[in-house]
Amino acid sequence: SMADWATIYAQEDLQISPKYSALPYLVFLGFMIIGRLNVHRVFERFTTKELFNFGALIGGGGYCAGVLLSHWIDPTNPLAYWSFLLALAFGGLGTSFMAPLFLNIAQARSSESFAAVIGQMGLMNIAMVSIVKLFISWVTQVGGLTLGLLIPGIMLISLIFFTHVMNERK
């Protein structure tokens with residue numbers, strides 16, 4: 001979904017040429033890959049709660065700030081496009097290690113095998129993503145693309161309020 005929404009936002013709201021409109025998603029994906037390839041270094045230095053809070057604040061906060069800045073700046077100003085690229089860089093980096101963290105936490109809290117945990121997480125992920133996509137689409141239709149783009153960032157920031165469930169119990 002990020003590819004579609006980012007491309008549409010770049011073309012329609014920021015008035016970017018179609019040949020450059022896919023670049024925001026590539027930036028998001030690139031920073032997510034960089035984060036995933038270096039996640040082992042981060043896991044050695046920080047606790048799960050610290051990583052979760054860092055990812056939520058930097059990823060969600062940086063993403064929301066960049067999206068808002070790109071919206072407030074005149075679309076003909078190149079700074080609007082660059083702030084959107086920076087927003088997606090923050091978003092990609094902040095979310096890069098969230099999936100491994102979720103799986104680690106779920107495995108630590110479950111008495112089930114890792115295969116069962118992955119299956120359960122996959123099922124929940126598919127169901128939740130479908131509902132959230134529907135909600136974001138509705139909000140975008142009613143409130144505009146910028147508002148729809150802010151929802152993932154706000155959701156990411158809200159993870160800070162759920163770190164208390166990360167205790168490792170079985």
Side-chain angles (χ1 to χ4, degrees), residues 1-10 22-68 84-140 145-170:
S1 264
M2 182 57 80
D4 300 332
W5 292 113
T7 302
I8 292 168
Y9 182 74
L23 186 59
Y25 177 66
L26 295 175
V27 168
F28 175 80
L29 192 60
F31 274 83
M32 183 177 270
I33 290 169
I34 289 168
R36 287 268 174 101
L37 291 176
N38 292 297
V39 74
H40 64 282
R41 294 180 187 163
V42 179
F43 277 152
E44 294 170 356
R45 302 173 90 187
F46 301 100
T47 67
T48 302
K49 287 184 182 184
E50 290 171 337
L51 287 174
F52 236 83
N53 288 334
F54 174 79
L57 283 176
I58 297 300
Y63 171 79
C64 286
V67 168
L68 287 172
F84 187 54
L85 291 176
L86 188 61
L88 290 170
F90 276 114
L93 192 60
T95 59
S96 64
F97 47 84
M98 288 296 179
L101 281 177
F102 274 119
L103 288 174
N104 285 346
I105 292 165
Q107 178 59 39
R109 292 178 56 98
S110 176
S111 59
E112 302 288 331
S113 69
F114 192 61
V117 170
I118 289 177
Q120 292 168 352
M121 293 287 287
L123 179 63
M124 290 300 297
N125 187 38
I126 290 170
M128 290 174 66
V129 165
S130 299
I131 292 167
V132 170
K133 280 184 180 181
L134 182 65
F135 176 71
I136 291 174
S137 297
W138 178 78
V139 169
T140 301
L145 189 52
T146 303
L147 188 57
L149 282 173
L150 289 174
I151 293 172
I154 293 167
M155 289 174 65
L156 192 55
I157 293 169
S158 71
L159 288 176
I160 294 169
F161 302 108
F162 299 99
T163 56
H164 67 278
V165 300
M166 293 183 197
N167 57 342
E168 297 185 6
R169 62 179 173 163
K170 284 202 179 200

*Contacts of Tyr25 that satisfy side chain to side chain donor-acceptor pair (under 3.5 Å) - sequence neighbours left out*: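 Partners of Tyr25 under the side chain to side chain donor-acceptor pair (under 3.5 Å) test: none.
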
*Residue pair Tyr63 / Phe90: nearest heavy atoms and the distance that separates them*: N-CB, 3.9 Å

*What heavy-atom pair brings Pro24 and Leu85 nearest, and what distance separates the two atoms?*
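It is CA-CD2, 3.5 Å.
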
_Are Leu103 and Met121 packed together at the side-chain level, in the sense that at least one heavy-atom pair is separated by less than 4.5 angstrom?_
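They are in side-chain contact.
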
*side-chain contact (heavy atoms from CB on, under 4.5 Å) between Phe28 and Thr95: does it pass, once the steps are laid out?*
CA-CA 10 Å; Phe28 175 80; Thr95 59; 4.0 Å; yes

_Pairing residues for Ser137 by the side-chain contact (heavy atoms from CB on, under 4.5 Å) criterion, not counting sequence neighbours_ = Trp5

*Check side-chain contact (heavy atoms from CB on, under 4.5 Å) between Glu50 and all other residues, then give those that pass, not counting sequence neighbours.*
Phe46, Thr47

*Does Thr163 use its side chain to pair, donor to acceptor, with the backbone of Ile160 at less than 3.5 Å?*
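The answer is yes, because a donor-acceptor pair under 3.5 Å joins these two groups.
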
Could you state the interatomic distance from [atom1] ([X]) to [atom2] ([Y]), rounded to the nearest 0.5 Å?
X: Glu112; Y: Ile118; atom1: CD; atom2: CD1; answer: 13.0 Å
X: Ile131; Y: Ile136; atom1: CD1; atom2: CD1; answer: 12.0 Å
X: Thr7; Y: Leu23; atom1: OG1; atom2: CG; answer: 9.5 Å
X: Ile105; Y: Lys49; atom1: CD1; atom2: NZ; answer: 9.5 Å

*Take Thr48 and Asn104 through the test side-chain contact (heavy atoms from CB on, under 4.5 Å) and record every step on the way to the result.*
CA-CA 9 Å; Thr48 302; Asn104 285 346; 6.0 Å; no

List the atom pairs, donor and acceptor, that lie under 3.5 Å between side-chain atoms in residues 35-44 and the rest of the protein, sequence neighbours left out.
unit_1, atom_1, unit_2, atom_2, d
Arg36, NE, Ser96, O, 2.4
Asn38, OD1, Arg41, NH1, 3.1
Asn38, ND2, Ile34, O, 2.8
His40, ND1, Leu37, O, 3.4

*Which pairs pass ring-ring contact (aromatic ring centres under 6.0 Å, His included) with one or both residues in residues 98-129, sequence neighbours excluded?*
Phe52-Phe102

Name every donor-acceptor pair, under 3.5 Å, that has one atom in a side chain of residues 145-159 and the other anywhere in the protein, sequence neighbours excluded.
unit_1, atom_1, unit_2, atom_2, d
Thr146, OG1, His71, ND1, 3.0
Ser158, OG, Met155, O, 2.6

